Amino acid sequence: MTASVGFGFMAACTLVSAIFVVRSKNLIRAALWLGATLLLTAALYAMLDASFLAGVQVLLYVGGISTLLIFGVMMTRKHEGLVVEAETVNVPRGVFAAGALFGGVAAAIKMTPELDSGVRPPVVTANDLGRGLLIDHVLAFEVVSLLLLVAIIGAVVIARKRDPGAEVPGFVRRPLAAKASSAKPVANEVSP
Amino acid sequence: MTLSHCLLLASALFAVGVYGILTRRQIVAVLLSIELMANAANLVFVSFSRFRPSMSGSGAQGQIFALFSLALTVAEVAVGLAIVILVYRAHGDTRIDLASEMKS
Amino acid sequence: MNALFRGASYGAVIITAILSTIAIGIWFERKFAGRMQSRLGPTIVGPVGLFQPLADVVKLLQKEDIVPRDADRSLFDLAPILATLFALGAAAVVPFSATAVTADLDIGVLWILAIGALMVIPTFMAGWASNNKFALLGGMRAVAQAVSYAVPLVLAVMVPVILSGTMQVSGIVQWQQQHHWVALWPVIPGLPAFVLFFLAMLAESNRIPFDIPEAESELVAGITTEYTGAKFTLFYMAEYVHTLVGSAVGASLFLGGWDGPFAPGLHWMVLKTLLLFAAVYWVRWSLLRFRSDQLMDLCWKWLTPIGVFLVLAAATWVQLMPGGR
């Protein structure tokens with residue numbers, strides 16, 4: 001009983017937080033509300049016997065992606081000051097589409113018989129996850145690590161600053177002074 | 001706390017993400033909404049792994065899939081933000097209709 | 001419910017103990033720093049200057065609470081609270097004795113790493129909401145540093161996990177009680193992993209030699225530039241708490257926690273934590289700080305490859321040892 005009430009409360013908080021993400025006028029606030037939504041989802045995972053996944057969700061999503069998104073907001077605005085405007089357009093269209101989608105899926109859920117089987121499978125431990133990743137699904141695991149490597153390299157190559165006269169990006173030997181300044185990590189730039 | 005409750009919550013979060021994608025004009029705001037949708041999908045996987053016994057293997061399929069989905073989302077956000085930075089450099093603003101130069 | 005009350009009471013005691021230790025830690029730091037610099041340190045307030053922390057806190061709390069005009073008010077107010085919360089959060093899974101754990105999670109180590117990753121958010125919020133270029137620069141540097149040094153931290157912490165086969169912190173301590181302390185015996189993964197953890201912990205708490213985001217000669221006061229009075233006190237406390245909890249985690253994972261050569265118990269844990277805490281101050285008052293790019297260089301070019309190698313070494317050790325571990 002208390003589990004259901006707790007779960008319902010968490011679910012309501014998550015939904016409210018998500019609505020703030022898409023309705024907030026200030027982009028930084030929206031990014032922080034997303035961090036809160038992801039944190040609450042991690043709590044939901046912990047309630048659903050997925051504690052390892054909850055920890056990984058906080059570590060990766062909140063500690064990583066939120067940071068990335070916030071930096072993304074900060075580095076792509078042209079004026080000084082704290083207000084980062086984010087307008088919303090076509091609200092009735094959005095509400096209709098979202099409502100129709102939710103209505104359709106909810107109807108499908110309600111119409112499915114025996115969805116709640118009442119069976120509680122054994123708790124999945126980190127041990128099970130490790131076995132599953134490295135024994136059953138090792139190919140997918142290796143492919144995902146390759147994909148992450150490609151994504152990292154790709155993101156760095158795409159977003160690198162280029163000299164105006166460079167023909168082949170990345171293969172021009174620049175003098176040491178310019179090389180030092182262009183090799184600075186992006187985090188040290190405030191605004192271009 | 002039953003499977004249908006979890007699925008309804010996940011579809012509500014997904015619908016909120018769809019609303020965000022349709023009504024926001026800044027690229028980063030659209031990325032935030034995409035994150036919401038991916039998060040909702042992960043919630044579906046985890047709820048199935050909790051409420052339905054798995055037919056084979058270690059029984060952790062739902063969570064393993066959610067783990068992979070998480071990793072993929074991380075990669076997608078990284079590349080997406082690199083593109084945002086490029087659009088900003090080219091146009092000075094990050095409105096989503098600025099990235100439409102290939103439209104005929 | 002019973003477990004909840006028991007855990008909550010342990011938690012309350014642990015939090016009180018941590019905050020009291022901070023109070024004494026402030027005095028200890030001033031005296032230690034004084035002695036290292038051939039001077040006496042505080043001597044006036046109370047015997048041997050023992051009431052100096054009280055004087056410090058009273059001074060800070062009675063200062064006027066100034067908020068910049070165009071600051072983002074709610075974020076500005078929320079940041080110090082979140083910083084203190086997240087700094088204290090990691091202490092929930094640390095076993096201070098064989099039974100005194102607030103929440104003995106199966107994934108204790110992952111909880112510690114996750115809470116450490118969460119510390120990024122209040123740092124950024126403080127830097128952004130202050131509407132101050134120095135604070136923003138300090139915030140961005142601090143976030144970049146925290147996110148980068150999370151990688152060697154995770155790799156270093158993987159070594160005791162691999163050696164003991166469990167992520168439960170009390171399980172790791174029990175393994176160390178039965179075998180050897182991680183920092184001592186498997187010398188190749190153990191000792192370098194401990195050093196790596198120590199360095200990463202220093203960098204995560206923005207301590208010298210990694211304190212460029214809040215160095216006075218660099219950025220006024222970094223993210224805490226615009227904070228005064230009670231909110232600044234919270235940030236100040238949060239930094240000490242983060243260091244103390246990091247020392248407690250290091251003592252559990254690498255130095256055997258509450259284990260000791262005779263009479264294992266709470267006293268050993270306290271001794272080891274305070275030793276690490278004192279070591280942090282020793283380093284702070286002896287070394288110069290790294291420049292921002294030197295810091296990033298160190299992390300990505302040295303500590304991360306060494307960390308990967310150590311994880312490999314730990315896995316090889318476990319594989320080669322007869323009987324599994």
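Within every chain, numbering begins at 1; the chains are lettered A, B, ... in the order of the sequence lines, protein sequences first and strands thereafter. Just so it is clear, the model here is predicted, and its values are computed rather than measured.
Heavy atoms closer than 4.5 Å to chain B are found in both the backbone and the side chain of A/V95. Of the two parts of A/I109, only the side chain, counted from C-beta on, holds a non-hydrogen atom closer than 4.5 Å to a non-hydrogen atom of chain B. Looking at B/S11, the atoms closer than 4.5 Å to chain A (heavy atoms on both sides) sit in the backbone and in the side chain alike. Both the backbone and the side chain of A/L15 come within contact range of chain B, each with at least one heavy atom under 4.5 Å from a heavy atom of that chain. In this structure, chain A has a heavy atom under 4.5 Å from the side chain of B/L86, while its backbone stays farther away. Contacts of B/L81 with chain A are made by side-chain atoms alone, with heavy-atom separations under 4.5 Å and no backbone atom involved. For chain B, the nearby parts of A/V21 are the backbone and the side chain; heavy atoms of each come within less than 4.5 Å. Only the side chain of A/L101 comes within less than 4.5 Å of a heavy atom in chain B; its backbone stays farther off.
Most heavy-atom pairs under 4.5 Å with chain B, from the set A/A100, A/A97, A/A151: that is A/A151. Among B/I27, B/L31, B/L70, B/V84, the residue making the largest number of heavy-atom pairs under 4.5 Å with chain A is B/L70. Put simply, of B/I21, B/L22, B/L13, B/V18, the one with the most heavy-atom pairs under 4.5 Å next to chain A is B/L13. Among A/S145, A/A11, A/A12, the residue with the largest count of heavy-atom pairs under 4.5 Å with chain B is A/A11. When each of A/A106, A/G154, A/A31, A/G94 is scored by its heavy-atom pairs under 4.5 Å with chain B, the top score falls to A/G94. Taking chain B as the reference chain and counting heavy-atom pairs below 4.5 Å, the highest number among A/G99, A/S4, A/A140 is found for A/A140. Between chain A and the options B/V77, B/I83, B/V87, heavy-atom pairs under 4.5 Å are most frequent for B/V77. The candidate from A/M47, A/R93, A/H137 with the greatest count of non-hydrogen atom pairs under 4.5 Å with chain B is A/H137.
A side-chain donor from one of B/N39 and A/Q57 sits under 3.5 Å from a side-chain acceptor of the other.
Here the CG atom belonging to B/L7 is positioned 10.0 Å from the NZ atom belonging to A/K110, to the nearest 0.5 angstrom. Expressed to the nearest 0.5 Å, how far OG1 of A/T14 lies from CG of B/L43 amounts to 8.5 Å. Distance check, rounded to the nearest 0.5 Å: CG of A/D136 to CD of B/Q61 gives 7.0 Å. To the nearest 0.5 Å, the span separating CG on B/L67 from CZ on A/F141 amounts to 8.5 Å. To the nearest 0.5 Å, atom OG of residue B/S47 and atom CG of residue A/L44 are 9.0 Å apart.
B/V46 pairs with exactly one of A/V124, A/L53, A/T41 by the side-chain contact (heavy atoms from CB on, under 4.5 Å) rule, that one being A/L53.
Taking both residues in full, the closest heavy atoms of A/L148 and B/A71 are given as CD2-O, 3.6 Å, listed atom of the first, atom of the second, then distance. The heavy-atom pair separating A/A18 from B/V16 by the smallest distance is O-CG1, 3.6 Å. When all heavy atoms of B/Q63 and A/A50 are compared, the pair lying nearest together is NE2-CB, 3.5 Å.
Contact annotation: the side chain of B/Y19 never approaches that of A/I19 to less than 4.5 Å [non-hydrogen atoms, C-beta and beyond]. Considering only heavy atoms from C-beta on, A/V22 comes within 4.5 Å of B/L36 through its side chain. Residues A/L48 and B/F51 meet the side-chain proximity criterion, which asks for heavy atoms closer than 4.5 Å. The shortest distance between side-chain heavy atoms of A/F102 and B/F14 does not fall below 4.5 Å.
Looking only at distances, a side-chain donor or acceptor of B/R89 sits under 3.5 Å from a matching main-chain atom of A/A159.
Open room surrounds CZ on B/F65; 12 or fewer heavy atoms of other groups in view lie less than 6.0 Å from it.
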Quick one, B/T73 with A/Y61, criterion side-chain contact (heavy atoms from CB on, under 4.5 Å). Give me CA distance, side-chain angles, the key distance, then yes/no. CA-CA 9 Å; B/T73 316; A/Y61 264 133; 3.5 Å; yes

